[in-house]
Every structure is written in C-alpha cells, then in structure tokens.
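Given the structure is predicted, the values throughout are model-derived calculations rather than measurements. Order of the sequence lines sets the chain letters (A, B, ...), proteins ahead of strands, with each chain counted from 1.
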Amino acid sequence: MTLSAASRSEIQGYKARYPEPRSAVLPSLWVVQHELGYLPVPAMREIAGILGLEPSEVQAVATFYSMFLDKPAGEHSVVVCRNVSCALRGADELAAHVERTLGCPSGGTTSDGQFTWESTVECLGACGGAPAIQVDHRFHENVTPEVMDAILGRSRSQPAPSVGGESEAASTKQRGEPKTAPRAKRTSRPKRAHIDPGDL
Amino acid sequence: MANKTTTPSSSEGLAEAEKVTVTIDGREVAVPRGSLVVDAASSLGIHIPIYCAHPKLDPVAVCRMCLVRVGKMPRLQPACATVVSDGMVVTTQSPEVAKVREGMLEFLLLNHPLDCPVCDRGGECDLQDFAVRYGPQTSRFPITQKSHAAKAVVLSDKIELDQERCILCWRCTRYYDEITGEKELVLVRRGIDTVIDSFNGEPLTSDFQGNLPEVCPVGALTHRQYRFQARPWDLQRTKGICPECSYGCNINIDARDFEIKRFASRDNPQVEDMWLCDRGRYSVEKWSHGSRVRHPLIRAGGEVREVGVDEAVAEAARQLGEVLRLHGGGAIGVIGSPMLTNEELWLLQRLARETLDCHNCDHQLDELGNVSADEHSLGIAEIEDCETVVVLGAEPEANTPVLTLRLHKAQLRRGVEVRRVEHDASPASLGIKGKRLVGVIADEVHRAYAADMADALASGNTLVKRLTVTRGVNGRGAKDMGMLPTQGPGYSRVTGGKDGRQILHAASAGAIKALLLVGAETVLRGAGILAEKALAKVDVIIAIEPRAGIVANAASVVIPGHTYFEKRGSVTNVEGRVQRVSPALPPATAAPQETRVLAMLAAALGATGWGTGDPFEVNTMLSQAIDAYRGAGNGGRALWKRQGEPR
C-alpha cells in the first residue's frame with residue numbers, strides 16, 4: 001500500500017460524503033498529492049480500489065487537471081508567466097534566463113531536486129506587475145534576471161514554505177470538512193502574497 | 001434506435017399512439033414522442049452527419065457535426081441530442097448549416113494525418129466520407145504544421161490505436177461505460193493534448209475489444225488481426241452466423257481472394273445487438289487454413305483409391321446395406337456434429353431411423369439428460385423484460401460470451417435483477433417471490449438443475465422461462481432436429497438408442513459394426529483414445545468429412561464434406577432462432593453438399609421420396625415435419641408449445 005492509514009481513512013470519509021463515489025475522486029487526489037507530493041500510479045489504483053471505481057476513471061480526472069503532478073517535483077516550484085503583458089515586459093528573456101540558470105527546460109526539475117519550473121502557464125493575473133512569477137505559490141512582480149537570481153538563491157537554502165496551508169484549512173472548514181485537513185505541501189491554493197522586489 | 005432508453009421496447013405500443021409531427025427541410029413526418037431529430041430526419045431519408053452519436057449509445061453531443069437549425073432557437077442545435085417536439089421545424093440544408101459543417105470538418109482535419117492510403121479504415125471511414133460530402137475542398141492550414149501524436153499504439157494483442165487519427169468522439173469510452181461496463185479506455189489529459197488511453201497504458205483485457213474498431217468512426221482503433229489485410233472495396237461480403245458458439249450472432253463475413261479476412265457485426269437487436277465477442281470475431285483464421293479432403297476415397301485392403309462421388313455413394317450404400325442385412329440396424333452408429341445445418345441433421349437422423357433402422361444417433365458425446373423443448377422458452381431479448389434472471393453457474397456466459405452484454409444491458413437499462421448463483425443453488429435460498437417473469441439461464445450440462453429451479457420458482461403469478469446454453473453453432477438445432485439417442489424431430493418419442501459415447505464404447509467392443517460419421521471429426525477428436533479405439537476396431541466407416549484427420553484416415557469410404565462457410569442451410573441458436581447461412585467461400589471440393597450426398601445415399605439404399613437433397617427443398621420438408629419450424633421461417637424463433645398448453 002502506497003498510502004498512509006490516515007490518507008486512506010480520509011478518502012473513506014470523502015466517499016461516504018457523496019451519493020456518487022466518483023464525486024470523491026478530486027478530494028482524494030488532493031489527499032494523495034498532499035501526502036506524496038505527486039500522484040504515483042499505485043496510489044491512483046489505491047484510490048480506485050477504495051472508491052470502487054476503475055483506475056482508469058481516476059487517471060482520467062487526475063490528468064485533466066494540470067495542478068496534479070504525475071511525477072515527483074522539486075522542492076521549490078517556479079512559474080514564469082509569459083502571457084501578453086509579461087511577454088511585452090521581457091518574460092521571454094526571463095524564462096531563457098531561468099532555463100540557463102537552472103539548467104533544465106520548462107517543465108523540468110533540476111538535477112539536485114531543488115527546483116521544478118515551467119513557463120507554459122496561463123496568465124497569473126498579475127499584469128500590473130509584469131513580468132510576474134510565482135515561487136512556491138508566492139507572487140513576485142516586476143522581476144528582472146537579477147531579482148530572479150536573488151529569489152532563486154534565497155529559496156535554494158530553505159525548505160519550501162507551507163504556503164496556503166492556512167487558507168486551505170480555512171476554506172475547507174467552510175465546506176464542513178474535518179479540521180485535520182492536511183497541510184498543503186506544494187500545490188495547494190496559492191496565497192496571493194505580493195512581494196515587491198524592493199523588499200529584497 | 002428502438003433500444004435507446006428514450007424509447008424502451010416495452011412501451012413501443014404506447015409510443016405508437018403518441019406521435020409528434022415535425023417538419024424537416026419542409027417535409028412533415030410523424031415520429032414517436034421522445035425521438036431524436038437525427039432519427040426523425042433519417043426516417044425521411046435526410047442524412048445528418050454524426051460522429052459521436054451512435055444508435056446503441058446515449059447522446060453526448062461532443063463532436064458538433066450534426067448541428068442543425070431548430071425553429072427559432074438562437075443557435076444551431078445538435079440533432080443527435082435534441083428531442084423532437086410537436087410542430088418543431090428543422091432545417092438541415094441551408095448555407096448556414098453547410099458552413100458550420102465545413103468549419104467542423106476543417107477543425108477535425110486540422111491535425112488529422114491524412115494517411116488514408118495506408119489506413120485500414122480508408123474506404124469505410126466517416127471522416128473521409130463526410131469530408132467529401134460536406135467538407136471544404138481545401139485546407140487553409142499547411143500540412144507541414146500539423147501537431148503529431150503517437151501512431152500504432154498497441155492497446156492489446158487485438159487492438160491498435162492511432163492517436164493522430166482520433167477525433168475524440170468518445171464512442172469507445174462510452175462503449176466501455178455503457179455496453180460492457182469495464183471502463184478500460186478513458187480520455188487522458190485535456191485540450192489539444194487529449195488522447196484516448198487505458199490506465200497507465202496497460203493492455204486491455206476485455207473479452208469484447210473487437211467492437212472498438214467498429215464503433216470508431218475513423219481509423220483510430222483498428223484490429224491487429226485485420227491490419228493491412230484488405231481494402232474494403234476488395235472484400236466480398238456474405239451474411240452469416242458466427243461459428244464459434246450457439247448464441248447465433250449475426251455477422252458479415254468479409255472475404256478477399258477466397259480467404260475470410262474478418263467478421264463484422266450485422267446488427268440484429270434480437271440477438272447480439274451488434275456486439276460480438278473476441279472469441280467469435282477473431283476466430284477467422286482457422287476457416288481459411290487446414291488440410292482438406294478434396295476427393296471421394298475408398299479404402300480397401302490397405303489401399304486408398306480416389307473415386308467419383310457416385311461410386312463412393314454406391315460403395316457406402318453397399319457396405320451399410322451389408323451390415324444392416326447381417327447384423328441389423330442396432331449394429332450401426334450414426335454421429336453428426338453441432339456444426340451441421342438443420343437440413344443435414346434432419347436428413348441424417350431420418351436416414352438413420354427410416355432407412356438404416358438404426359436408433360443410435362447423436363451429435364455430441366456428453367451426457368445430456370432429459371432434453372425438452374421447454375428449456376428454451378426464454379428469448380435473448382426477452383431477458384430485458386424479466387424482473388429477475390437467475391444464471392446458474394459460470395458456464396452460460398463462458399460458452400456464449402455475448403450473453404454477458406445482454407445481461408449488463410438488462411441490468412443497466414431496464415433494472416433487471418441478475419442473480420449469478422452456483423449451478424446447484426437451492427431455489428429457496430434465492431428468496432425470489434412475487435415476480436411476474438423470471439428467467440433461468442443454465443448451461444446444457446446443468447439442464448436438470450435448471451428444470452428443478454424453474455419448477456420451484458414457478459407459481460400462480462410467476463411465469464418462469466428458461467434459456468439453455470447449447471454448445472456448437474447448431475447445438476440447439478441438432479436437438480430440435482432429433483439428432484439425439486432418445487428423441488426424434490421436435491422432441492418426439494422414438495425408440496431409444498445408444499448415445500454418442502455409448503456408440504464409441506460399443507464400437508470398440510465390437511458390438512457396433514458400422515459407423516456413419518458426418519462432420520464428426522471435431523466431435524470424435526474430443527474423445528481421444530476412445531475414438532481412436534473405436535475407429536481402429538470398426539471396418540465399415542462411412543465418413544462425410546471436410547477436413548483431414550482421424551476420421552478421414554480411418555474411414556472405409558470418405559466423401560468430402562463442406563465447412564460451415566461453404567454451405568447453404570439454416571442453423572438454430574440458443575433461443576430457437578432459425579437463421580440462414582449461405583456460402584462465404586467457394587467449396588474446396590467438387591462433391592455436392594452434404595444434404596445431396598445424404599439423399600443420394602438414401603436412394604442407393606432403396607429409400608424413396610427423398611427428393612434431390614437441395615437444401616431449400618429439405619428445409620421445406622423439415623418445416624412440414626416439425627411444427628415449430630414452420631412458423632419460424634428465416635430469422636424467427638421456433639416456438640414450442642409448452643407442456644400442458646392447448647395445441
């Protein structure tokens with residue numbers, strides 16, 4: 001078994017909550033991603049087993065949403081927006097800089113397992129501060145290659161902050177979920193913490 | 001379409017009264033309430049192009065190919081998912097609709113590889129056909145900039161997927177959802193990256209994969225067995241009945257250069273409902289290969305002589321007549337096969353009983369118990385009308401796989417309770433009470449248990465009907481025709497004789513002096529050493545046999561037979577449906593068909609009134625002799641009077 005007893009019982013809880021077990025697929029996938037950091041194949045099979053579905057149904061949902069990861073990600077996530085506003089303000093150069101600095105293409109993970117970065121994301125909604133990036137789900141605006149280097153350098157020496165853990169707990173509480181919602185590791189709901197490069 | 005949830009077959013009578021009138025392209029038509037626009041149009045002969053819609057699947061309206069103008073609705077509506085209403089006005093032929101169709105096709109062809117010349121589907125592809133009929137003549141997108149996906153993805157040992165050719169109509173995923181319930185294929189990822197795939201790319205394990213290429217409207221899912229075998233326009237198509245089991249699935253036999261290349265489904269909603277099992281569908285290869293008997297042979301004194309049919313028949317009659325004169329009919333054993341047609345089986349038992357005074361007749365070697373007409377009162381489609389169906393043991397579905405899909409449909413669409421129990425389950429333990437119609441399905445070796453079960457469940461208001469799964473394509477017909485040791489045609493009472501196994505035992509003990517074997521190679525091969533001993537012991541063995549083997553090697557007279565796909569005649573399926581078969585391949589021998597040879601043999605033995613042995617003539621004769629077959633015709637069920645019912 002890939003999953004911990006706690007995760008299994010949490011998935012059981014979701015299953016009991018909905019009239020259709022299929023409805024519990026999404027929250028179950030979150031449980032697994034919180035525990036393991038990504039969605040390994042045996043874990044998807046295990047979810048299907050608990051919910052009484054075919055594994056293929058779980059995989060169909062998991063692959064539909066781009067925030068579910070199918071392979072282990074680096075300690076820190078870096079997202080570079082290249083949508084219109086950011087592109088006009090030099091995001092392409094920034095992305096090229098990140099690729100050079102980290103030594104892996106967009107979507108890849110550095111060899112030391114520190115960073116997973118991508119530049120094929122939809123607009124981050126921070127056009128006012130273009131070019132914008134997200135590092136561990138925290139926003140940084142008006143980013144230049146120099147600022148980027150500083151952010152990456154600072155992150156490298158630290159473990160990823162549990163960003164969004166609080167907001168996740170708060171929002172799930174609203175929906176009447178158990179208070180013991182797991183702390184988000186990397187891919188929970190982003191908390192919009194705007195940081196001005198001047199703060200650095 | 002009659003099998004859609006929107007128009008359940010039981011309410012057809014009701015729907016008859018409830019018709020609504022719609023106007024399509026200026027023409028009025030009255031269709032049952034609840035019909036879909038696409039079906040109403042097709043009843044007028046108006047074609048609306050569809051990809052995602054499928055007559056056996058629920059509508060999803062994802063392909064957007066069938067958009068039409070409906071009344072004053074602000075946007076075009078999908079004809080495949082729009083239910084007709086009274087007074088509805090639909091326009092399918094207008095510049096507006098034509099433009100949308102052109103646009104949809106341009107989108108579908110955007111990344112389509114256009115590898116039609118090497119695509120198995122080329123020539124019978126909806127994408128090709130609609131592109132010609134409704135599509136733009138040219139593309140505005142350069143062919144060099146197509147985005148590519150994986151080709152020739154091996155989904156299993158049977159199916160290959162070309163992800164570039166896929167137009168994402170969801171038919172295959174819905175087939176797995178709705179028809180088999182196995183959900184082996186799903187849509188993976190989204191947007192431009194969406195592909196059809198199995199979980200983690202693991203091989204498909206379904207027993208019904210062969211239906212996938214048939215539901216696929218394009219060349220994305222293809223049969224590995226049929227890959228690069230033929231172009232559709234090279235194929236010669238013959239209507240036939242699947243040879244693999246007794247279920248009687250209607251198939252199209254597609255042959256090229258006198259070799260069968262594939263079996264395709266031929267929708268009969270009463271039987272297989274257009275779904276075939278892989279065992280049947282992929283049993284193609286054995287019919288075009290194997291060693292055949294091509295000339296009549298007489299074997300005497302260690303010498304084998306090739307002779308003409310007339311001489312072979314005369315010699316067979318002489319040898320049989322001699323045994324009859326010296327030892328009587330009791331010293332003769334007659335074994336047929338469930339692969340024979342009704343006409344052959346009826347003539348064979350008649351030859352045995354009337355001409356050879358022989359009651360040792362059988363078509364197989366198992367202990368059959370008390371065979372009766374009662375055991376197939378339940379029709380396949382009738383399963384959906386039952387409240388509860390009891391399936392005894394695992395064998396019924398193992399021996400007739402497509403039955404599984406009918407049971408699934410009955411459960412899913414009609415809420416039928418399906419109880420799978422051990423073959424010897426006690427009726428009381430099932431707790432079935434107060435039902436209107438209960439079905440009992442069992443394999444033929446468990447017919448005694450099924451009879452007990454049916455008797456126990458039947459009561460004042462509960463009608464119990466039975467379906468007995470016979471073995472061999474015409475296992476049911478062989479019984480109806482009286483190719484049985486204890487019953488004659490129509491389960492009539494006759495003087496009892498030895499059954500198949502007893503014949504072989506008596507033959508090896510020397511009590512049976514002559515064997516008349518028609519197509520019995522496959523039957524005898526199953527008996528192993530017993531058959532070999534019997535064949536070695538008996539001197540007079542008259543064999544009508546298509547294939548070389550233990551029978552043809554031992555027989556004193558061999559007359560070449562015809563394989564199942566070289567014959568004309570009829571076969572009867574598990575529910576008593578009498579269905580016609582006609583030759584899909586030219587015969588491998590110049591000898592006449594078995595019915596003719598049997599008539600010649602009877603005449604040579606001095607019998608009269610046998611006619612020419614033409615299969616149609618024999619069919620007329622047997623229909624006159626067996627009441628139930630008179631009413632069945634071609635494609636109908638032979639319905640027997642239940643015991644105690646007035647005639």
Side-chain angles (χ1 to χ4, degrees), chain A residues 1-3 11 15 19-26 28-30 32-33 36 38-73 79 82-83 105-108 116 118-123 187, chain B residues 52 57-58 60 62 147 149-150 153-156 158-159 161 163 166 168-209 211-212 215-216 220-221 404-405 408 411-412:
Chain A
M1 276 192 294
T2 321
L3 300 181
I11 294 170
K15 183 189 179 186
E20 286 281 331
R22 261 157 59 99
S23 310
V25 172
L26 268 181
S28 306
L29 289 170
W30 279 119
V32 174
Q33 185 150 309
L36 304 174
Y38 73 112
L39 301 174
V41 166
M44 286 196 269
R45 207 187 290 279
E46 219 173 315
I47 294 176
I50 298 171
L51 298 181
L53 302 171
E54 292 298 324
S56 55
E57 294 176 88
V58 175
Q59 193 191 24
V61 175
T63 55
F64 184 87
Y65 294 100
S66 55
M67 284 168 75
F68 287 124
L69 306 176
D70 62 350
K71 50 183 180 292
V79 171
R82 289 199 305 169
N83 248 284
S106 168
T116 295
E118 62 175 327
S119 60
T120 49
V121 291
E122 269 311 321
C123 175
T187 49
Chain B
C52 67
L57 303 172
D58 285 343
V60 284
V62 294
S147 74
V153 178
V154 175
L155 289 184
S156 72
K158 303 180 183 113
I159 303 293
L161 167 68
Q163 292 180 335
C166 177
L168 299 173
C169 68
W170 307 8
R171 275 193 195 175
C172 53
T173 64
R174 287 148 64 216
Y175 163 76
Y176 264 131
D177 265 5
E178 298 175 31
I179 306 299
T180 76
E182 292 163 313
K183 305 186 182 180
E184 289 197 296
L185 286 179
V186 287
L187 292 154
V188 174
R189 298 195 287 278
R190 68 169 161 188
I192 187 73
D193 298 322
T194 313
V195 289
I196 299 293
D197 207 352
S198 60
F199 176 71
N200 196 30
E202 287 166 16
L204 308 180
T205 57
S206 170
D207 291 332
F208 306 97
Q209 298 168 29
N211 296 314
L212 291 169
V215 294
C216 182
L221 291 160
T404 306
L405 300 185
H408 184 256
Q411 269 177 306
L412 188 76

* Asked: What closest approach, in Å, do A:Q59 and B:F199 show between heavy atoms, and which atom pair accounts for it?
  -> OE1-CA, 3.2 Å
* Structure fact -> When rounded to the nearest 0.5 Å, the distance separating CG of B:L185 from CD of A:E54 is 11.5 Å
* Heavy-atom pairs under 4.5 Å with chain B are the metric here; pick the option from A:S66, A:P55, A:A60 that has the most. => A:P55
* Structure fact -> Tightest non-hydrogen contact, residues B:L187 and A:T63, listed as O-OG1, 4.4 Å
* To do: Side chain from CB out, backbone as N, CA, C, O: work out which of these in B:E202 comes under 4.5 Å of a heavy atom of chain A, or both, or neither.
  => side chain
